[in-house]
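Every chain is numbered from 1 and lettered A, B, ... according to where its sequence line falls, protein lines coming before strand lines. Just so it is clear, the model here is predicted, and its values are computed rather than measured.
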2 protein chains.
Amino acid sequence: MTTLGYALLGILARGPLSGYDLARNLQLPVGYFWQANHSHIYPELARLEEAGLVGHEVVRQEHRPNKKMYSITDAGREALRQWVSTPGEAAVPRDELLLKVFSLWLIERHQAITLMRAQEQRYLEQLAHFETIQANLAAEFGAALHNPDSPAFCAFATSQCGLLRARSQLDWCRWLLKQLGWNETP
Amino acid sequence: MTTLGYALLGILARGPLSGYDLARNLQLPVGYFWQANHSHIYPELARLEEAGLVGHEVVRQEHRPNKKMYSITDAGREALRQWVSTPGEAAVPRDELLLKVFSLWLIERHQAITLMRAQEQRYLEQLAHFETIQANLAAEFGAALHNPDSPAFCAFATSQCGLLRARSQLDWCRWLLKQLGWNETP
DNA sequence: TCCTACATGTAAGGTGTTACATGATTCC
DNA sequence: GGAATCATGTAACACCTTACATGTAGGA
């Protein structure tokens, strides 16, 4: 089983969806920690179905194309549970920005500052985004959000991770910008 | 040009190295934000050389195999500068752990706690690692570490990012563990 | 004797992205 | 008329990992 497969199972465990809907989920809500294109999702769904982890039924629609609604099977839920409860290896975080910062000494000071300011802006947007997500979750689920056995809490927990991360990255950006400013020749 | 290519140029900009040494750099020091295997590096070095961005000379050694020492060319340094100074797209952080947390509601409370405790331990190790790296850099470079035009400062800046990240992840882990504990039935 | 470090490569397979391909409906 | 949304797929390519392949020297 691939990780994408588990990502799909994780979304389908919350309710039946079409491949198209799954693709949208993997662009934004879940997309902040795992992305995928539809061209990857459709074949993967076929593989999951062959393995008996999901099933689908065709829903006829008027005024728009028919769609296949996929649902997770008992076997699928069990496979997902198994995967979630096993620790797994430490992931390698690939960060292009850090690669650039590693070579920042090569470029002009003002270019470096421009680069980091753009990044600062990006993290600010991320932060705002996660705050919006959390506000929406709070409005929709209320007290249920504090129950760790609910899907809503789990969505909140992942967004909380993103929020804290964005904050720490923002701190780092500003620290770096300060360093870049100190030795400046006016 | 691939990102791996720029990663190699970024290391070679600090001094000539063999493919083997580059592979080691991309396992640990740089490896905390970009990893690569030797099987990927050797062909990439050949491509960089074909493009005139690096060159090599064979160094004969006794008691051990000959090696090819690669150095960055002027064209390579310029290409690297170009790449570093352009902002680039926002990266998609793929995080398997967050995918698991997203489905945490499916598993038993004690399993979830075990999972997060293991993760907490992992982040603690990361934190210690970055602190060691920074201590080593401080011991080796001293005051030069504060000069943003030095390669040493850039190495420090990347480790600083890793350190802050590890800290925020640790905070998140503990927040989640607290949430998992609150609704516990003893 | 076996394992690790040094040193360089190729081959096969898995994963992920971009582009190709089609077609109805709705909004500007 | 053109763009966006809904809806599903295939094909080609780029990227990355694992395994295969070879050989010396030194330490446990």
Side-chain angles (χ1 to χ4, degrees), chain A residues 1-8 12 16-28 30-31 33-51 54 56-70 83 88-96 99, chain B residues 1-8 12 16-28 30-31 33-51 54-70 88-96 99:
Chain A
M1 273 289 295
T2 67
T3 309
L4 174 60
Y6 291 113
L8 296 175
L12 289 176
L17 285 176
S18 68
Y20 187 85
D21 293 327
L22 283 165
R24 275 199 319 189
N25 268 269
L26 286 169
Q27 293 295 351
L28 268 199
V30 175
F33 48 93
W34 205 272
Q35 277 196 339
N37 308 100
H38 73 272
S39 59
H40 200 181
I41 291 168
Y42 288 118
E44 186 62 35
L45 279 171
R47 252 169 275 148
L48 288 175
E49 186 153 37
E50 210 187 355
V54 304
H56 83 265
E57 65 179 290
V58 177
V59 177
R60 304 234 168 128
Q61 297 184 115
E62 291 187 24
H63 307 308
R64 50 186 57 186
N66 296 345
K67 60 178 173 179
K68 300 181 180 175
M69 288 296 274
Y70 285 89
W83 178 74
E89 298 298 299
V92 185
R94 273 156 200 274
D95 196 320
E96 217 170 285
L99 221 43
Chain B
M1 273 287 296
T2 67
T3 309
L4 174 60
Y6 290 113
L8 295 175
L12 288 176
L17 285 177
S18 68
Y20 187 85
D21 292 328
L22 283 165
R24 274 199 319 188
N25 269 270
L26 285 169
Q27 292 296 349
L28 268 198
V30 175
F33 48 92
W34 205 272
Q35 277 197 340
N37 308 101
H38 73 273
S39 59
H40 200 182
I41 292 168
Y42 288 118
E44 187 62 35
L45 279 171
R47 254 170 274 149
L48 288 175
E49 186 153 37
E50 211 188 353
V54 304
H56 84 266
E57 65 178 290
V58 176
V59 176
R60 303 233 169 129
Q61 296 185 115
E62 291 187 23
H63 306 308
R64 51 185 59 183
N66 296 345
K67 60 178 172 180
K68 300 182 181 175
M69 287 298 273
Y70 284 89
E89 298 298 299
V92 185
R94 273 155 200 275
D95 196 320
E96 217 170 287
L99 220 44

Participant: Relative to the ring of B/H56, is the ring of B/Y70 parallel (under 30°), tilted (30 to 60°) or perpendicular (over 60°)?
Facilitator: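 Tilted: the ring planes of B/Y70 and B/H56 meet at 30° to 60°.
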Participant: Would B/E44 and B/R47 pass as an ion pair if we require N to O under 4.0 Å?
Facilitator: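 Salt bridge flag = yes for B/R47 with B/E44.
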Participant: Go through the steps for A/L48 and A/M1 under the test side chain to side chain contact (heavy atoms under 4.5 Å, CB included), then give the verdict.
Facilitator: CA-CA 9 Å; A/L48 288 175; A/M1 273 289 295; 3.6 Å; yes
Participant: Does B/Q27 reach the main-chain N or O of B/A36 with its side chain, forming a donor-acceptor pair under 3.5 Å?
Facilitator: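 Looks like yes, one N/O pair under 3.5 Å.
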Participant: Any side-chain N or O of A/R94 under 4.0 Å from OP1/OP2 of D/dT17?
Facilitator: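 Yes, such a contact exists.
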Participant: When the nearest nucleotide of DNA chain C is assigned to A/T3 and to A/H63 on a heavy-atom basis, which residue is associated with the more 5' position?
Facilitator: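 Closest to the 5' end, via its nearest nucleotide, is A/T3.
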Participant: C/dG9 P sits how many Å from B/N66 CG, rounded?
Facilitator: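 Distance check: B/N66 CG to C/dG9 P gives 11 Å.
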Participant: How many Å lie between CG on A/L4 and P on C/dG16, as a whole number?
Facilitator: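 After rounding, the gap between these two atoms is 6 Å.
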Participant: In whole angstrom, give the distance that lies between atom OH of A/Y42 and atom P of C/dT17.
Facilitator: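 Result: 16 Å.
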Participant: Of A/K67 and B/R47, whose closest DNA chain D nucleotide lies nearer the 5' terminus?
Facilitator: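 Its nucleotide being nearer the 5' end, the pick is A/K67.
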Participant: What integer distance in Å separates B/E49:CD from C/dG9:C1'?
Facilitator: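 After rounding, the gap between these two atoms is 15 Å.
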Participant: If I take atom CD in residue A/E62 and atom P in nucleotide D/dC6, what distance separates them, rounded to the nearest angstrom?
Facilitator: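 Taking CD of A/E62 and P of D/dC6, I get 18 Å after rounding.
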Participant: Between P on D/dT22 and OH on B/Y20, what's the gap in Å once rounded to a whole number?
Facilitator: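 Those two atoms, OH and P, are 19 Å apart.
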Participant: For a quick test of reading the model: is some side-chain N or O of A/N37 closer than 4.0 Å to OP1 or OP2 of C/dG16?
Facilitator: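 Indeed not, no polar side-chain atom of A/N37 lies that close.
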Participant: Considering every strand and a 4.0 Å limit on heavy-atom distances, what is the contact class for B/S39: base, sugar-phosphate, or nothing?
Facilitator: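 Base contact.
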Participant: How many whole angstroms separate atom CD of A/Q27 from atom C1' of C/dG16?
Facilitator: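 Atom-to-atom, A/Q27 to C/dG16, this comes out as 13 Å.
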Participant: Let me spell it out: for each of A/H40 and B/R64, pick the nucleotide of DNA chain C with the closest heavy atom. Which residue's pick is nearer the 5' end?
Facilitator: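 On the 5' side of the pair lies B/R64.
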Participant: Under the 3.5 Å rule, do the base of C/dG9 and the side chain of B/H38 count as making a donor-acceptor pair?
Facilitator: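 Present.
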Participant: Starting at atom CG of B/L8, determine the distance to atom P of C/dT8, rounded to an integer number of angstrom.
Facilitator: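 Spelled out: CG on B/L8 to P on C/dT8 is 13 Å.
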Participant: With respect to the phosphate group of D/dA7, does any side-chain polar atom (N or O) of A/R60 fall under 4.0 Å of OP1 or OP2?
Facilitator: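 Answer no for this pair, as no side-chain N or O of A/R60 is under 4.0 Å from OP1 or OP2.
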Participant: For B/R24 and C/dA5, is the shortest distance between a side-chain N/O and OP1 or OP2 below 4.0 Å?
Facilitator: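 Negative; the distance criterion is not met.
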Participant: Within the pair B/Q61 and C/dA7, is there a side-chain N or O less than 4.0 Å away from OP1 or OP2?
Facilitator: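 Checking C/dA7 against B/Q61, a side-chain N or O does come within under 4.0 Å of OP1 or OP2.
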Participant: Are any of the side-chain heavy atoms of B/R24 and B/D21 separated by less than 4.5 Å?
Facilitator: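 Sidechains of B/D21 and B/R24: in contact.
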